[in-house]
Amino acid sequence: MKFSSLAIAATALTVASVNGFATSTFGVRQSVAVDMSTAVEVDTKAALATAANEARGLAMDSIAAAKSGHMGLPLGAAEVGASLYGSQMKYNPADPTWINRDRFILSAGHGSMFLYSWLNLAGFDLSMEELMNFRQHHSQTPGHPEFPNSEHTTPGIESTTGPLGQGVANAVGFAASEKMAAARFNTGDHTIFDHHIFALAGDGCFQEGVSSEAACFAAHEKLDNLIILYDANEVTLDKMAEYTQSEDILKRYEAYGWETYDIDGHDLDAVEAAISAAKASDNGKPKFIKCNTIIGKGMEETEGTNAAHGEAGVPYVDKAKVNIGLPEGEKWYVSSETRDFFADVQKKNKAIYDDWQATYADWKSANPDLATELENAVNDNTPSAEEMLKEIPATGAGAEATRVSGAKIINDIAKLVPHYVSGSADLHGSCRNYIENGGNFGAGFDKSYAGKNFYFGIREHAMGSILNGIAYHGIFAASGSTFLVFADYLRPTIRVASLAELNRVSYVFTHDSIGVGEDGPTHQPVETVSGLRVIPNLDVYRPGNAEETVAAMVSSVTRKEGPTALIFSRQNMDQNDDMDYMATREGAMKGGYVAKTESEDLDVIIMATGSELQHALKAASNLPGARVVSMPCMEAFDRQSDDYKESVLPSSCTKRIAIEAGVSGLWYKYAAKVVGVDRFGFSAPGDIVMTELGMTAENLAAEVASMN
């Protein structure tokens, strides 16, 4: 089977012109015109067109069987899928995690049957039975695509999508990671990384602000390996898109600094030419291809309307399939010709894969140390937590804020984990998570793509999604920082990372409480730590001294089950010098431990976390029957054995009190009484705010006494 030679021909870019759309409904302006003098080979074009209609049929049958789902995108963007999986992308279904494969992210995750259909046709290990079980319990075809995890292991899914816009921003993270990998591992003699990142998104994705934030970052850092395909069907769920939007999206993206294309998304020649041109254009601009499509194409009762978005077309499936040329009465039909066509696609891609493997072998032989570093990065190999705790010297800290402790420890982590990178939403100077001598990532100024420090600008939501994209890409481990009070700007990305079990990402939040002081209640988080703690599969560490901070950061890079939020203080706190530093670290790794043992019969247990640990230790110093339990991470503690938890919090002692400068609710699962802050703070020096709201050893001691 022959394939398009457009990769060369389509590079001839011309001045913008006006072209007619095959369907008279639309008029199309081509922002960057492409040379289409070489059309797709006739036999290939016919095969792609046939595959597109059969993919439509698979989506219709699966959504009809489930009686739920979103039919509009799989039918409307079928030609885009045919071009990507049948011609333009390099991948190997037999090795779906090959590190130099092109990546495809379905940002409009509601159209998941688009992706499942093409994965099946392209030869990935996603059986027809799984398509038949779309949206069913224990199937590999959930309602929205899910990155392989303990619940779903669907091959070919690059990121968990569904919350609109996040997939676009994830794709920016992928593109940044690919640029970094190329800069750090390619050599003059061998190219190991040279793949592209594709994402398919709809109007909803571009209405969400996170995509705009990420698009600005991508253009500013010249991520020209990124290609966004806009399924421009002029429809949103409630209404036609014109009801809620009127901007010229191409001009918007041109203003950001993207190279834009405007094509008929059902014209295979146009789709092939645009994607080929975008791939070949290494001009420092990310690519935006507006594919004008008809939502639900092929189902005349609903196509082109907002009714086509969901499952409204289910009653018309059988008729629609016949109308697009599929055999009447056959469910989940794929022709032998389409299977043969994709077998040839696999052969082509296997040849590319084999050539790359030979290049990789030569590169590895010539660069053994670099190869070891890359293989450790791909496999996320790190020293064990025990080894890292021993490697990092005792902090020997005096009274200091944990953000200051973290500034030192992140550099220890970066030395022990070479694939660790970090960044900040314009707050490196305050959050202190800068990797010394790591260089800055990006284009221009003092930046390079090998740099380990990202400057995200004031774009917290995009930062979270980009960090997730870096983690999904599977080479680097990433962290990013902002003030804790702004955590809600990126909360949706933290939730998805937790659901996807992304262990390669962590979030650094400083200025953790009312101790922020003079900035007032707008910048004093009281509910935020608890709000993060209720996210399943997220470890939330709020360390109470420098040695606990070591444990928190070590845990964040050695934990394999999911992400970590690191909550650091602006205010200084005393160290627990009465306890061996290694015992403190080991205890903190377990989430909770005895920080001070009672000297007489156990009478009361005082629990604390973060900067309130010092108050608990001071209050207990005059109470011989008091035990102090430090609880830097509730989630880690709750995973410990029953025997360990009983040794720390014996059930025989029900006189328990907890203190934290935040809302009190979650502490009642451990304590009978809580000294918390169930109100907003106020503007004043931090020590005054803390004192006025009861965060002192003296007030804690009085509350303990009141329990007698």
Side-chain angles (χ1 to χ4, degrees), residues 23-26 52-82 106-118 120 130-137 139 141-145 161-165 167 200-208 229-245 265-266 291-333:
T23 303
S24 59
T25 309
F26 302 102
N53 279 334
E54 291 176 3
R56 287 184 170 103
L58 294 178
M60 284 191 257
D61 284 334
S62 294
I63 293 166
K67 297 182 177 62
S68 73
H70 298 80
M71 205 175 289
L73 183 147
L75 275 60
E79 283 78 16
V80 173
L106 182 63
S107 185
H110 55 271
S112 56
M113 270 310 304
F114 170 94
L115 185 48
Y116 302 144
S117 297
W118 288 111
N120 174 274
E130 293 293 349
L131 269 61
M132 295 176 184
N133 287 326
F134 177 54
R135 290 186 161 221
Q136 303 309 300
H137 194 207
S139 79
T141 49
H144 291 77
T161 57
L164 295 178
L200 179 62
D203 287 289
C205 292
F206 299 114
Q207 287 189 6
E208 290 287 358
L229 298 126
Y230 169 28
D231 179 27
N233 55 38
E234 301 186 355
V235 169
T236 59
L237 195 154
D238 269 353
K239 296 278 189 180
M240 300 302 288
E242 65 184 358
Y243 201 83
T244 56
Q245 67 184 32
H266 300 304
C291 303
N292 294 277
T293 63
I294 300 171
I295 190 170
K297 182 174 172 58
M299 186 168 287
E300 61 185 20
E301 290 83 358
T302 59
E303 67 178 18
T305 72
N306 60 303
H309 175 83
E311 66 270 12
V314 166
Y316 315 111
V317 161
D318 291 340
K319 177 184 174 184
K321 287 167 57 183
V322 172
N323 287 346
I324 63 173
L326 300 181
E328 185 172 2
E330 290 202 42
K331 302 289 188 183
W332 292 282
Y333 173 79

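Reckoned from all heavy atoms, side chains included, excluding hydrogens, waters and symmetry mates.
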- Item | D231 CG to L229 CG distance, which is reported to the nearest 0.5 Å | 9.5 Å

- Item | Separation of N120 CG from T141 OG1 (nearest 0.5 Å) | 10.5 Å

- Query: Side-chain contact, heavy-atom cut-off 4.5 Å: M132 with D61?
  - Reply: no

- Message: Any non-hydrogen side-chain atom of I63 less than 4.5 Å from a side-chain atom of H70?
- Response: no

- Item | Backbone N/O of R56 and side chain of K297: donor-acceptor pair under 3.5 Å | no

- Message: Quick check: closest heavy atoms across T302 and A308, and the distance to 0.1 Å?
- Response: O-CB, 3.3 Å

- Can you tell me how far CD1 of I324 sits from CE of M60, rounded to the nearest 0.5 angstrom? 4.0 Å

- Calculate, to the nearest 0.5 Å, the distance between atoms CG and NE2 belonging to L73 and H110 respectively. 5.5 Å

- Item | 4.5 Å side-chain heavy-atom contact, L164 and C205 | yes

- Message: Distance check, rounded to the nearest 0.5 Å: E54 atom CD versus L326 atom CG?
- Response: 6.5 Å

- Task: Output yes when K319 and E300 qualify as a salt bridge under the 4.0 Å nitrogen-oxygen rule, no when they do not.
- Result: yes

- Can you tell me if N306 uses its side chain to pair, donor with acceptor, with the backbone of D238 under 3.5 Å? yes

- Task: Look at the side chain of T161 and the backbone N and O of G167, then say whether any donor-acceptor pair between them is shorter than 3.5 Å.
- Result: no

- Task: Give a yes or no answer on whether the side chain of S62 reaches the backbone of L131 with a donor-acceptor pair at less than 3.5 Å.
- Result: yes

- Could you tell me which non-hydrogen atom of P142 sits nearest to which non-hydrogen atom of F134, and how far apart they are? O-CE1, 3.9 Å

- Task: Could you pull out the closest heavy-atom pair between A66 and R135, with the gap in Å?
- Result: CB-CB, 4.3 Å

- Please walk me through it: do I295 and E234 pass side-chain contact (heavy atoms from CB on, under 4.5 Å)? CA-CA 8 Å; I295 190 170; E234 301 186 355; over 6 Å; no

- Message: I want to check something: taking the side chain as every heavy atom from C-beta on, are K321 and N53 in contact at a cut-off of under 4.5 Å?
- Response: no

- Query: Does H309 use its side chain to pair, donor to acceptor, with the backbone of V235 at less than 3.5 Å?
  - Reply: no

- Message: Donor-acceptor check, side chain of D203 to backbone of T236, threshold 3.5 angstrom: yes or no?
- Response: no

- Item | Distance-minimising heavy-atom pair for F114 and A77 | CE1-O, 3.2 Å

- Message: Using 0.5 Å steps for rounding, measure from the CG atom of L75 to the CG atom of N233.
- Response: 11.5 Å

- Query: Would you find a donor on one side and an acceptor on the other, under 3.5 Å apart, between the side chain of Y333 and the backbone of E328?
  - Reply: no

- Task: Identify the two heavy atoms, one from G298 and one from E303, that lie closest to each other, and give their separation to 0.1 Å.
- Result: N-OE1, 2.8 Å

- Query: In terms of ring plane angle, is the pair Y230 and F206 parallel, tilted or perpendicular, where the classes change at 30° and 60°?
  - Reply: perpendicular

- Item | Backbone of P145 reached by a side-chain donor or acceptor of S112 within 3.5 Å | no

- Message: Show the nearest heavy-atom pair for residues A78 and A52, with the distance to one decimal.
- Response: CB-O, 3.5 Å

- Message: Let's go through K239 and T244 carefully: what are the C-alpha distance in whole Å and the side-chain angles of both, what is the deciding distance for side-chain contact (heavy atoms from CB on, under 4.5 Å) to 0.1 Å, and is it a yes or a no?
- Response: CA-CA 8 Å; K239 296 278 189 180; T244 56; 5.8 Å; no

